[in-house]
Amino acid sequence: MSDILITFPDQSSRSFATGVSSMEIAESIGPGLAKAAVAARIDGLLTDLTQSIDKNADFEIITEDSDAGHEVLLHSTAHLMAHAVKLLFPDAKVTIGPAIENRFYYDFDIPGTFSDNDLEKIEAKMHELSENDFEVNRIEMSRNDALKMFKEMGEDYKVEIIEQINEHDTISAYSQDDFIDLCRGPHVKSTGKIKHFKLLSTSGAYWRGDENNTMLQRIYGTVFSTKKGLDTYLHYLEEAKKRDHRKLGKELDLFFFHHLSPASPFFTDKGAVVYNNLIDYMRSLYNEHGYNEVITPQIFDMELWKQSGHYDMFIDNMFRMEMGDREFGLKPMNCPGHTLIYSHGHHSYRDLPIRMADFGRLHRFEKAGVLSGLTRVRSMAQDDAHIFCTPEQIGDEITDLFEMVQKVYKTFSFEDLSITLSTRPIKALGDIKLWDKAESSLKAVLDKSSFYFTIDKGKGAFYGPKIDFHVKDALQRSHQLATIQLDFVLPERFKLKYIAEDGNEARPVMIHRAILGSLERFFGVYLEHCGGDFPLWLAPVQIVVLPISEKVQTYAEKLTKNLKASGFRTQLDDKADKIGAKIRKAELSKINIMLIVGEKEAEAETVSVRRRHKGDLGVMDVSELTGLLSEEIKQRSS
RNA sequence: GCCUACGUAGCUCAGUCGGUAGAGCACUUCCUUGGUAAGGAAGAGGUCACCGGUUCAAGUCCGGUCGUAGGCUCCA
């Protein structure tokens, strides 16, 4: 038997006997590696460790702590769960069970549903199967044999899957004890490898995601190679729950919902302070960047939405009303209204670009099942603007937007910006030449920006290509916030024009752009990002004055009054509580500055300053303090 | 829209087998006048989401409506 040459990721190579398995190679390198190995990558393809190799190949061991290895482990755990479910619920039919980010799921067709109690039983059975340490074996077979086998087993969904697999492809299945499941693999070599897992939740899910198909029962779970890994992940889930904007919104009394206006947030006085400060901040940027704000109607004759195309594309998401013999639509977007402003006057190329900003309230009838807190609402406003410009101006406008976006994310301390450029979809309106030009100008700006970006081919809007910005929050979750979309269609539909340099009429381009996106959603995302600890400039209550006893009531009142007059959002806590209780209350409501005043301070006209989460900062003159705070607010420090 | 779970005081939650509703925090009043994360006492607060049904009797059982939550094409 001749030898084969195995090349490792560091480009070193060694020869092995033909037919060597990945496991044997791993063992030859070291027992530690062999223990951590879950799969191998041979010439770029993920395979089982037991797979034998009979030709020269690029080779890499996949360990359980790598991303690919974790995926294998997740997928193998999905199988283990399916195994347990089949034992406990013999009538269940298996469907698919992929790994997703940090989790896996498996969909089953069962007569009833899974209860929490069932989940516990399944988990216990999984532990039992893990302890049995069954070998996991790959079985390859022809398409016909596979069809026959799964038909006999009554696994209709698997049969459907096999029927869609290319005739000439080999089909693989994996067995552990007497459980067998159609699967591409690879898998861990025995069930004993799967130890640290937890089933998380159940839900309904349509077969192949199509609501016309059978509703299946899905179970989500997670698994890690170490107990520590699992604990860390479960802790992360706890942390995410603690920071949930709906929970914080209630605790800090920022907003609430009422069943008489579903999915439409009520911002309390406190929440409105934050909301309005977000708007004020964007306004200050608009001043710097040459935007003009407009105010447009809430309700338009349906004729407008027919002309804009919303009637065809968006009518299911619109609130409509009939008044006498006219039908009106509540605006879901500002753009059509803005074209009416643009058309209200004549424009020369010298007027362009026109940057038209609008914080108008929008209403969208989102399906009941997709609503969620502030992230998916039916009533919202955006930091919306439309830029009307010449095709030549697109590049400069985008460059300016980039600058703005970066400023904004810095202010809110969002790091880890990533960008996608979405290009022309198959169903696109407008001249292809214009598309090419628009795409290349977007790409040129991106190239110049030194930002890393990926291209989402064919994912642009039907009216133009777009750039989306994604940020990661404090828990490393990604959120799409800003969007910049080029639009050639609306200017066409509304026959927008300007007089070009050559004296002829020309069609402007519209750029739709929002940086925070919807203010409601941004409020939610940012609330979770900062965990309710608003920076001073955004805080609903910036200062609370805490008198130690009634003896200093007069001083405390005067102090509060003066701070309010100086523009600080200040409260006085003159309840008959002890100072410790007042401090505790202020800390829990996350008020930035606590001013403790007793007889000493009253006499010297000073304050004892305590900062949220930081504790006692010592005694200060009032003017010194207000100077520092004013500067902090002006800088919008985070 | 579909599946599942949930809806009890402002908030967080108990409420057994169907027998007419309870705690903590918050709130109000009183006592205490205090020095950096909870001083004490008393009081007030609920059409148990809504509508209907079963029953002598419903927060509890059944049906419906509304609302909220987790999901619903990350493919064997």
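Every chain is numbered from 1, with letters handed out A, B, ... down the list of sequences. Here the structure is a predicted model, which is why all the values come from computation and not from measurement.
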Practice task
Please work out which of the three classes, parallel, tilted or perpendicular, describes the rings of A:F224 and A:Y233, given edges at 30° and 60°.
Solution key: tilted
Handout entry: Phosphate contact (B:rC27 OP1 or OP2) by A:K575 side-chain N/O below 4.0 Å
Key = yes
Handout entry: Whichever of A:S203 and A:E599 has its nearest RNA chain B nucleotide further upstream toward 5'
Key = A:E599
Practice task
For nucleotides B:rC66 and B:rA49, find the distance between their C1' atoms and express it as a whole number of Å.
Solution key: 8 Å
Practice task
Using the P atom on both, measure B:rG52 against B:rG39 and round to a whole Å.
Solution key: 48 Å
Practice task
Using only side-chain N and O atoms of A:K585, determine if any of them is under 4.0 Å from OP1 or OP2 of B:rC27.
Solution key: yes
Exercise for the section: Would you indicate what A:Q217 reaches in the nucleic acid, counting non-hydrogen atoms under 4.0 angstrom: base, sugar-phosphate, or nothing? Expected result: sugar-phosphate
Handout entry: Any N/O donor-acceptor pair, A:Y206 side-chain to B:rG71 base, under 3.5 Å
Key = no
Practice task
Take A:D107 and A:R208 through the test side-chain contact (heavy atoms from CB on, under 4.5 Å) and record every step on the way to the result.
Solution key: CA-CA 10 Å; A:D107 288 345; A:R208 296 188 185 264; over 6 Å; no
Practice task
Tell me what A:P98 touches on the nucleic acid: a base, only sugar-phosphate, or nothing, going by heavy atoms under 4.0 Å.
Solution key: nothing
Problem - Check ion pair A:D244-A:R246 (N to O, under 4.0 angstrom) - result: yes
Handout entry: Phosphate OP1/OP2 of B:rA76 contacted by A:R184 side-chain N/O (<4.0 Å)
Key = yes
Completion exercise
Out of B:rG34, B:rA69, B:rA38, minimum distance to the side chain of A:A581 belongs to B:rA38
Handout entry: Residue whose closest nucleotide on RNA chain B lies nearer the 5' end, A:K158 versus A:F114
Key = A:F114
Problem - Pair A:F104 and A:F197, ring centroids less than 6.0 Å apart - result: no
Exercise for the section: Using a 4.0 Å heavy-atom cut-off across all strands, classify A:G97 as base, sugar-phosphate, or nothing. Expected result: nothing
Practice task
Assess the side chains of A:Y174 and A:D48: does a donor N or O sit below 3.5 Å from an acceptor N or O?
Solution key: yes
Handout entry: Phosphate contact (B:rG70 OP1 or OP2) by A:S372 side-chain N/O below 4.0 Å
Key = yes
Problem - Inter-nucleotide P distance (B:rG19, B:rA58), Å rounded - result: 11 Å
Exercise for the section: Could you measure between the two C1' atoms, the one in B:rC56 and the one in B:rC50, and give it in whole Å? Expected result: 26 Å
Practice task
Indicate the ring-plane relationship of A:F523 and A:Y275, choosing parallel, tilted or perpendicular according to the 30° and 60° boundaries.
Solution key: tilted
Fill in the blank from the handout: Considering only heavy side-chain atoms of A:I171, the closest of B:rA76, B:rC2, B:rU36 is B:rA76
Exercise for the section: Strictly below 4.0 Å, heavy-atom distances to any atom of RNA chain B: list the hits from residues 99-107 of chain A, or just say none. Expected result: A:I100, A:Y105
Problem - SB check A:R361 A:E520 (cutoff 4.0 Å) - result: yes
Exercise for the section: Tell whether A:R612 reaches the base of B:rA37 with its side chain through a donor-acceptor pair below 3.5 angstrom. Expected result: no
Exercise for the section: For nucleotides B:rA9 and B:rC25, find the distance between their C1' atoms and express it as a whole number of Å. Expected result: 12 Å
Handout entry: Closest listed nucleotide, where the reference is the side chain of A:A576 and the choices are B:rA76, B:rC31, B:rA37
Key = B:rC31
Practice task
Name the closest nucleotide to the A:R208 side chain, picking from B:rC75, B:rU68, B:rA76.
Solution key: B:rC75
Completion exercise
Closest heavy-atom pair, A:Y236 versus A:R477, reported as atoms and distance to 0.1 Å, is OH-CG, 3.3 Å
Handout entry: A:H75-A:H79 aromatic ring centre distance below 6.0 Å
Key = yes
Handout entry: Distance between C1' atoms of B:rG46 and B:rU8 (Å, rounded)
Key = 8 Å
Practice task
Using only side-chain N and O atoms of A:K250, determine if any of them is under 4.0 Å from OP1 or OP2 of B:rU12.
Solution key: yes
Practice task
Write down the distance separating the P atoms in B:rU47 and B:rC3, rounded off to the nearest Å.
Solution key: 33 Å
Handout entry: B:rG34 OP1/OP2 closer than 4.0 Å to side-chain N/O of A:K551
Key = yes
Practice task
Compare side-chain N and O positions of A:R218 against OP1 and OP2 of B:rC75 and report whether any pair is under 4.0 Å apart.
Solution key: no
Handout entry: Donor-acceptor pair present, A:E601 side chain and B:rG35 base, under 3.5 Å
Key = yes
Practice task
Using the P atom on both, measure B:rG10 against B:rC6 and round to a whole Å.
Solution key: 22 Å
Exercise for the section: Could you tell me the separation between the OH atom of A:Y220 and the P atom of B:rA5, rounded to a whole number of Å? Expected result: 17 Å
